Novice: 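This is the structure I want to talk about, given as structure tokens.
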Amino acid sequence: MSLNVEQIRAQFPVLQEQVNGQPLVYLDNAATTQKPQAVIDALVEYYSTYNSNVHRGAHFLSDKATRRYEEARQVVANYLNASRTEEVIWTSGTTEGINLIAQGVAQRLQPGDEVVVTEMEHHANLVTWQQACKRAGAKLKVAPISDAGELDVSAFKALINEHTAFVAFPHISNALGTINPVKELTAIAKSVNALVLIDGAQGVAHGAVDVQTIGCDFYVFSGHKVFGPTGVGALWGRYEILKDWPVWLVGGEMIATVTYQDATWGELPNRLEAGTPNIAGVIGLAAAINWLQQFDANEILAHEQDLLAYATELAERIEGMRLVGTAPQKIGVMSFVLEGTHPADVGFILDKQGVAIRTGDHCAQPLMKRLGVPGTARASFSIYNTRADIDRLFSAIKKAQMMLA
Ligand code: PMP
């Protein structure tokens, strides 16, 4: 393994913090990643040296902010291998990106149409489609997963038919870590010409994504899960589809002409970006992606896989610890329950030892119900975690077991 993890860790100020008197072990990366100095510097530089509104100023600062803001769009377009830069729309995050598309879909769905999602959805990619279907009188179908948390591809295929108008699924499950075969699922949906959206919230932090190879129509993600700031994200959509997509927020920036009684809409990307955007966030997001791209994606993945394999090995030695989500294709997410304990209590005791994890339903209540657990404790690994972090996690878990027994 050639990633220099110690050198990477040194670039994250938060990782030098003490929590409850102990050096922080941050294992809540699926909720949000920490920010490297390069991202923090980009935000400080923007606010300290060229803070300005974009696209409208007749002055130096605005020109500079506009240039950086539009260069950021190019960075994301390259990261996703978009064929055109205008296919990248800035949003506040994954949730907003899915809502933007779901609202347009709701206007186009006919009674009798069907939308297909999976049993492993985050609420953001479930409630949106459920509500769109309710409004349009369309039917929501849910593709099943196995007890290990793997999508049943043949059952998914069986749900797709000539009524399928839209298909949405996660690239990677936040609660379980399962990596879905997104190219194969997209091809199945495309066999009936359904539109396909991929919830990429967990997909982008582990290496670049190629939307053209996947073949989907929409891909959405949040900046904060890929080492960037909160409050910013991107929606990628195919130009031919997005150029006529129903506008959702109306106001400044997105128009072509306005009279008192009427308005016409601008071109992509502006037509889907009303109002002053999160300029600092966009610039910070590009800094994050540029930072991440200095590493080999395969090495990041190998590092995270190594941590997962090590953690799994340690978990197997602990009586009463059960892993939830054991699909063969997984990123470094370890969801678990400790027999006879509640995940919230486990999280509390781990926190007291400086170990940050997430507990609860992970915004996936139906999934928890499907798996027969009230929630899980979830440790999620990133580029800057080490085997020493995993050792600290497990000594904290053993302590929690002792205290809660
Ligand atoms: N989908 C998945 C798979 C996620 O992990 C998350 C964040 N937990 C979201 C959607 C929503 O992302 P955000 O809250 O950044 O909009």
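Numbering starts at 1 and runs along the sequence shown. Keep in mind that what you see is a predicted model, and the values were worked out from it rather than measured. Numbering of ligands and ligand atoms starts at 1, following listing order.
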Novice: Using the side-chain contact (heavy atoms from CB on, under 4.5 Å) criterion, which residues pair with Thr230? Sequence neighbours excluded.
Specialist: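 By the side-chain contact (heavy atoms from CB on, under 4.5 Å) rule, Thr230 matches His224.
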Novice: Under a 4.0 Å heavy-atom cut-off, what residues line ligand 1?
Specialist: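 Contacting ligand 1 under 4.0 Å are Thr94, Thr95, His122, Ala124, Asn174, Asp199, Ala201, Gln202, Ser222, His224, Lys225.
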Novice: Answer with yes or no whether the side chains of Trp248 and Gln103 bring together a donor and an acceptor at under 3.5 Å.
Specialist: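 Gln103 vs Trp248: no donor-acceptor pair found between side chains.
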Novice: Please list, chain by chain and in numerical order, all residues satisfying ring pair (Phe, Tyr, Trp, His ring centres under 6.0 Å) with Tyr47, sequence neighbours excluded.
Specialist: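 With sequence neighbours excluded, Tyr47 shows a ring pair (Phe, Tyr, Trp, His ring centres under 6.0 Å) to no residue whatsoever.
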Novice: Under the side-chain contact (heavy atoms from CB on, under 4.5 Å) test, which residues partner Gln130, sequence neighbours left out?
Specialist: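 For Gln130 the side-chain contact (heavy atoms from CB on, under 4.5 Å) partners, ignoring immediate neighbours, are Leu126, Val127, Lys134, Leu140.
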Novice: Quick one: are Leu195 and Val167 in side-chain contact, heavy atoms under 4.5 Å?
Specialist: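 A side-chain contact is absent here, since even the closest heavy-atom pair is not under 4.5 Å.
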Novice: Checking side chain to side chain contact (heavy atoms under 4.5 Å, CB included) against Val142, which of Glu119, Met120, Arg370, Glu121 comes through?
Specialist: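 Filter result, single survivor: Glu119.
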